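What follows is one structure encoded as structure tokens, with my remarks underneath.
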Protein chains: 2
Amino acid sequence: MERSTRQRQAIRAALREANRPLSPGEILEYARQQVPGLGIATVYRTINALVEEGSVVAVELPGEAARYEMAGKSHHHHFHCTSCGKVFELMGCPGDLSWLVPPGFHAEKHEIVLYGSCPNCPGA
Amino acid sequence: MERSTRQRQAIRAALREANRPLSPGEILEYARQQVPGLGIATVYRTINALVEEGSVVAVELPGEAARYEMAGKSHHHHFHCTSCGKVFELMGCPGDLSWLVPPGFHAEKHEIVLYGSCPNCPGA
DNA sequence: CCCATATTGATAATGATTTATCACTCTTGT
DNA sequence: ACAAGAGTGATAAATCATTATCAATATGGG
């Protein structure tokens, strides 16, 4: 059966406690604070298991490797800091955007990403 | 100095005449109608040159390889057909979205991608 | 406590996209 | 028309993120 290991606990904790989507590398970094020897392979394995069980979802961003966040959040979008590369969660949404599509097209969903600087980075 | 070859003409024409962003593979396909022996390496080389000279811009999409479109268009967004994978240009924009970002963040730009089915694909 | 085995970590392998190489070809100034 | 050298095509090689491998380790039911 599935076992509860320190590694998995640390990875779950990282995703639960970070209030923003994390890349595999960021998850590794966070979780290593609890489990120093943690390897990247275990991070990927665990992410995949969590996505498969539905408790975590992938956040895809233009030209970037996927980030991961806890599932079950309401519809929202993301902010990508162009300075540090961190991705943050935004709340709110402009609403239905299907008026943007020409006749013949059918819009089913949308993704919005805002870019700029986060509070920790020089306003550039 | 820079030479005007059939290959470059065909690649520029493909990008100019397609009224949507093209992937390197799509550019190859289109341009080969004019220059049958065209190789993918030339497509990449030419794309890079065109981007560098500023006449073409990359269109990055979540979880996808970049597409390329002519530069100089006014602010717009894109539609990604989930059935055929083609990317289309949309006109219009919900406008300023900086109200979405929390205090301390500074939004400089945004990207919006709509997903759904294009006129050529089954509404699925 | 013990052992079957799920899990891990290090690293090799993969897959997909993009770039470098190099001999040959085509463009262009003269 | 000619020659210098920019450009091309085929393909090897480089990236880079992700996955597979496998010996060693740690979990947890009995």
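Note that these values count all heavy atoms, side chains included, but never hydrogens, waters or copies made by symmetry. Below, chains carry the letters A, B, ... as their sequence lines are ordered, and counting in each starts from 1. It should be emphasised that the depicted structure is a prediction, and the values quoted were computed from it without experimental measurement.
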TODO: Before giving the answer on side-chain hydrogen bond (donor to acceptor under 3.5 Å, both in side chains), spell out for Glu69(A) and His76(A) the whole-Å C-alpha distance, their side-chain angles and the decisive distance to 0.1 Å.
DONE: CA-CA 12 Å; Glu69(A) 68 181 8; His76(A) 65 283; 3.0 Å; yes
Task: 5' precedence on DNA chain D between Arg6(A) and Tyr68(A) (nearest-nucleotide basis) - done: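 Going by which nucleotide is closer to the 5' end, it is Tyr68(A).
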Open item on the list: I'd like to know if the side chain of Arg67(A) reaches the main chain of Ala65(A), judged simply by a donor and an acceptor atom lying under 3.5 Å from each other, with no hydrogens or angles considered.
Closed with: yes
Task: Any Arg8(A) side-chain N or O less than 4.0 Å from OP1/OP2 of dT8(C) - done: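 Arg8(A) to dT8(C) OP1/OP2: side-chain N or O found under 4.0 Å.
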- [ ] Please determine if a side-chain N or O atom of Ser4(B) lies less than 4.0 Å away from the OP1 or OP2 oxygen of dT27(C).
- [x]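 Checking dT27(C) against Ser4(B), no side-chain N or O comes under 4.0 Å of OP1 or OP2.
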Quick one, [X] and [Y] - any side-chain contact, counting heavy atoms below 4.5 Å?
{"X": "Pro21(A)", "Y": "Tyr68(A)", "result": "no"}
{"X": "Lys109(A)", "Y": "Glu111(A)", "result": "yes"}
{"X": "His77(A)", "Y": "His110(A)", "result": "yes"}
{"X": "Ile40(B)", "Y": "Val43(B)", "result": "yes"}
{"X": "Leu38(A)", "Y": "Ile11(A)", "result": "yes"}

TODO: Calculate the interatomic distance between Leu61(B) atom CG and dA16(C) atom C1'; express it in whole Å.
DONE: 17 Å
Open item on the list: By nearest heavy atom, map Glu2(B) and Asn48(B) onto DNA chain C; which one lands nearer the 5' end?
Closed with: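 Going by which nucleotide is closer to the 5' end, it is Asn48(B).
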Open item on the list: I want to verify a distance call: between dT5(C), dT28(C), dT18(C), whose nearest atom is closest to the Arg3(A) side chain?
Closed with: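 The closest nucleotide is dT5(C).
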Task: Nearest listed nucleotide, side chain of Met1(A), among dT28(C), dT18(C), dA6(C) - done: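 Nearest listed nucleotide: dA6(C).
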Open item on the list: Using the rule side-chain hydrogen bond (donor to acceptor under 3.5 Å, both in side chains), only one of His78(A), Glu89(A), Glu26(A) pairs with Arg20(A); which is it?
Closed with: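 With Arg20(A) as partner, His78(A), Glu89(A), Glu26(A) yield a single side-chain hydrogen bond (donor to acceptor under 3.5 Å, both in side chains), made by Glu26(A).
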Task: Positional range of nucleotides in DNA chain D within the contact set of chain A, heavy-atom, under 4.0 Å - done: dA17(D) to dG28(D)
Task: Those residues of residues 29-45 of chain A lying under 4.0 Å from DNA chain C by at least one heavy atom - done: Gly37(A), Leu38(A), Gly39(A), Ala41(A), Thr42(A), Arg45(A)
